[in-house]
Protein chains: 2
Amino acid sequence: MSNLPIYLQVASDLKEKINQRGYKPGDMLPSANELAAQYQTTRTTIQKGLTTLNSEGYVSSIHGKGYFVRQPEETKYTLFFNERECIAVTRTKLLQVDIITPTQELCEQLRIRKSSRVILIRWLLYSEDIPVAHDVKYLPYDRGKPLVEAEIHYATLPEIVAKHASLFSIKKTLRIRAVKALPSTCKLLNIKEDQPLMMIEQKLYNEKNIPIGWGQLFIRDDYCNLVAVSSYSNKPEFSF
Amino acid sequence: MSNLPIYLQVASDLKEKINQRGYKPGDMLPSANELAAQYQTTRTTIQKGLTTLNSEGYVSSIHGKGYFVRQPEETKYTLFFNERECIAVTRTKLLQVDIITPTQELCEQLRIRKSSRVILIRWLLYSEDIPVAHDVKYLPYDRGKPLVEAEIHYATLPEIVAKHASLFSIKKTLRIRAVKALPSTCKLLNIKEDQPLMMIEQKLYNEKNIPIGWGQLFIRDDYCNLVAVSSYSNKPEFSF
DNA sequence: TAGTGGTCTAGACCACTAG
DNA sequence: TAGTGGTCTAGACCACTAG
């Protein structure tokens, strides 16, 4: 059953007790000294186990007092999203690449001046040769950046901006909505006006929190796979 | 600038180099021995820093070889969802509590037999006295559980099942869709048939991976706030 | 075989809490 | 003041990698 190192054994035992409500949210765990005695090991090893439990969200510590069981984050899910995988994209068609004068909304979204320019890229995404999504992206225009590459092959918004921003520190936000299709979108996707569409709005920020990209993806609901799972289930626990 | 403990200083320095592309995904970091020499500390302390970096998703290690920069998980977002907060619920109205014979779909969703019974709970959720969402929940019926409490006040699906399952190990999944409203739903929400609705389907599993609850939430798009953020941004780094 | 990461020991000093 | 967690040292032994 257990060839686990001691510190993981400790963490695993405590997790089980927490899950079985032996320790309830708000309860204090035994002190590291007590646990060290129980497991016949040193406090250092116990601390390592408690640190693990902390980083996995089970407990938190108060200096000088002890470790306490956290309230589980019932509200938090892990959502997987990218333009290609949310749909099963098999083919893409470039509709437009342009440098445009931003609208009022674009100025606000990208926090730029009316006088600046914006790159507009529009794609039609196909799944099994059926047009299923309309992808619209806006990027602040810098003379430095060549945009020819955009015309060659399809890239997700993070892929596009990743070249000009630091890797892990790009902040991304999504807003998910259900919308009525515009007549023009209906034509593009060959659907009726009453067919609801998913709209996924994506906004990217650089490490200084300045918007560097904005996108709207309109997807036929019947081809959209948007799924989220609770965050604890993919923690290194038991796996099925 | 830095009263950080050594191990966090190490982690922070490495993060910055990774973000600035000093180390690129796939690159090997300096060994713990080298870093210990650089920072004039012991390998133990360096290891602690590297462990931190690992648990934050920046690097992973291969035993006997070294630490390597990971590919950032561009696809992963943190989504916040619960029935109450996704909308700004100000009032709730119980529509129905019943014990029903499951439909074919219910049997499949909850993995139960045709002969078993299911608790059906329906609520209407109001925001500022406007009906904005229709909430339908299904729970496998056990004679043990009293269901009177369901009629007293509104509870989210996780809140309901939390009483009978272990805390952190409940697995939850969401599926997000855009749907046309049924005529009956239109009447409930007082909307036109062509107004698209968000449908959020929630399914809960216990620690043995058995479904213990299923819910469908139909929300007026204009009152639904479904937002997700990239997972790295809420890591303990800089915060704005 | 030299070097790497993974774990652990037995201590130390410190900041913090609470009676 | 006793007990707690947070950090760190200077070592040890092990499993693993790669020449």
Side-chain angles (χ1 to χ4, degrees), chain A residues 1-15 17-18 23-71 235-237 239, chain B residues 1-15 17-18 23-71 235-237 239:
Chain A
M1 186 67 204
S2 98
N3 257 337
L4 286 177
I6 307 173
Y7 79 98
L8 284 182
Q9 187 62 56
V10 173
S12 156
D13 288 356
L14 290 171
K15 268 187 222 178
K17 260 181 208 143
I18 290 169
Y23 301 120
K24 299 187 194 74
D27 282 1
M28 194 170 76
L29 298 186
S31 78
N33 284 321
E34 288 178 67
L35 289 169
Q38 252 181 61
Y39 283 89
Q40 307 208 53
T41 182
T42 57
R43 192 167 69 92
T44 313
T45 295
I46 297 294
Q47 282 287 5
K48 198 171 174 186
L50 291 170
T51 301
T52 305
L53 231 49
N54 185 334
S55 75
E56 290 179 4
Y58 284 80
V59 301
S60 57
S61 65
I62 298 178
H63 191 163
K65 290 185 78 176
Y67 276 85
F68 298 84
V69 179
R70 276 198 217 161
Q71 208 69 39
K235 287 285 157 54
E237 269 184 295
S239 54
Chain B
M1 183 72 200
S2 98
N3 256 338
L4 286 178
I6 307 174
Y7 79 97
L8 283 182
Q9 187 62 55
V10 172
S12 158
D13 288 354
L14 289 170
K15 268 186 221 178
K17 261 183 207 141
I18 290 170
Y23 301 121
K24 300 188 195 70
D27 283 0
M28 194 171 77
L29 297 185
S31 78
N33 284 322
E34 288 178 66
L35 289 169
Q38 251 181 60
Y39 283 88
Q40 306 209 53
T41 182
T42 57
R43 191 166 71 93
T44 313
T45 296
I46 297 292
Q47 282 286 3
K48 198 171 175 184
L50 291 170
T51 301
T52 304
L53 231 48
N54 186 335
S55 76
E56 290 180 3
Y58 284 80
V59 302
S60 57
S61 64
I62 299 178
H63 192 165
K65 290 184 80 174
Y67 276 84
F68 298 84
V69 178
R70 274 196 221 165
Q71 208 70 37
K235 288 287 157 53
E237 267 184 299
S239 54

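Just so we're on the same page: letters track the sequence lines, and every chain starts at 1.
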To the side chain of S31(B), which of dG5(C), dA10(D), dT9(C) is closest?
dG5(C)

Per T42(B) side chain, nearest of listed nucleotides dT4(C), dG6(D), dT9(D)
dT9(D)

Looking at every strand, decide which applies to T44(B) at a 4.0 Å heavy-atom threshold: base, sugar-phosphate, or nothing.
base

Can you tell me if Y39(B) touches the phosphate of dC8(D), counting only side-chain N or O atoms and a distance under 4.0 Å to OP1 or OP2?
no

Out of dT4(C), dG5(D), dT17(D), minimum distance to the side chain of N33(B) belongs to dT4(C)

Which distance, rounded to the nearest 0.5 Å, do you find between the CG of N54(B) and the CG of L50(B)?
8.5 Å

At under 4.0 Å, does any side-chain N or O of T41(A) touch on OP1 or OP2 of dC8(C)?
no

To the nearest angstrom, the CG-P distance between N3(A) and dG6(C) comes to 18 Å

Ignoring the backbone of K65(B), work out which of dG6(D), dT17(D), dG5(C) is nearest its side chain.
dT17(D)

First locate atom OG1 of T51(A), then atom CD1 of I46(A), and finally report the distance between them rounded to the nearest 0.5 Å.
11.0 Å

Using whole Å, what does the distance between atom C1' of nucleotide dG11(D) and atom CD1 of I46(B) come to?
16 Å

Which dot-bracket string describes DNA chain D (Watson-Crick N1-N3 plus N6-O4 or O6-N4, or G-U N1-O2 and O6-N3, all under 3.5 Å; [ ] crossing; | other strand)?
||||||||||||||||||.

In whole Å, I'd like the distance from the NZ atom of K48(A) to the C1' atom of dG6(C).
6 Å

State whether the distance check finds a donor on one side and an acceptor on the other, under 3.5 Å, for side chain R43(A) versus base dG11(C).
no

So if I take every side-chain heavy atom of Y7(A) and compare against dA18(C), dC8(C), dT4(D), which nucleotide ends up nearest?
dC8(C)

Side-chain contact check for H63(B): nearest option of dC8(C), dC16(C), dA15(D) is dA15(D)

Compare the minimum distances between each of dT9(D), dC8(C), dG5(D) and the side chain of I6(A), then state the nucleotide with the smallest one.
dC8(C)

Counting side-chain heavy atoms from C-beta on, which of dG5(C), dA18(D), dC8(C) comes nearest to A32(B)?
dG5(C)

Select one nucleotide: of dG5(D), dT4(C), dT9(D), the one nearest the side-chain heavy atoms of T45(B).
dT9(D)

Derivation and outcome, side-chain contact (heavy atoms from CB on, under 4.5 Å), residues L53(A) and K15(A)
CA-CA 8 Å; L53(A) 231 49; K15(A) 268 187 222 178; 3.7 Å; yes

Using whole Å, report how far CD of E34(B) lies from P of dT4(C).
6 Å

Please walk me through it: do V10(B) and T41(B) pass side-chain contact (heavy atoms from CB on, under 4.5 Å)?
CA-CA 11 Å; V10(B) 172; T41(B) 182; 5.7 Å; no

Using side-chain heavy atoms (C-beta onward) and a distance below 4.5 Å, is Y7(B) in contact with T52(B)?
yes

With respect to the phosphate group of dG6(C), does any side-chain polar atom (N or O) of Q47(B) fall under 4.0 Å of OP1 or OP2?
yes

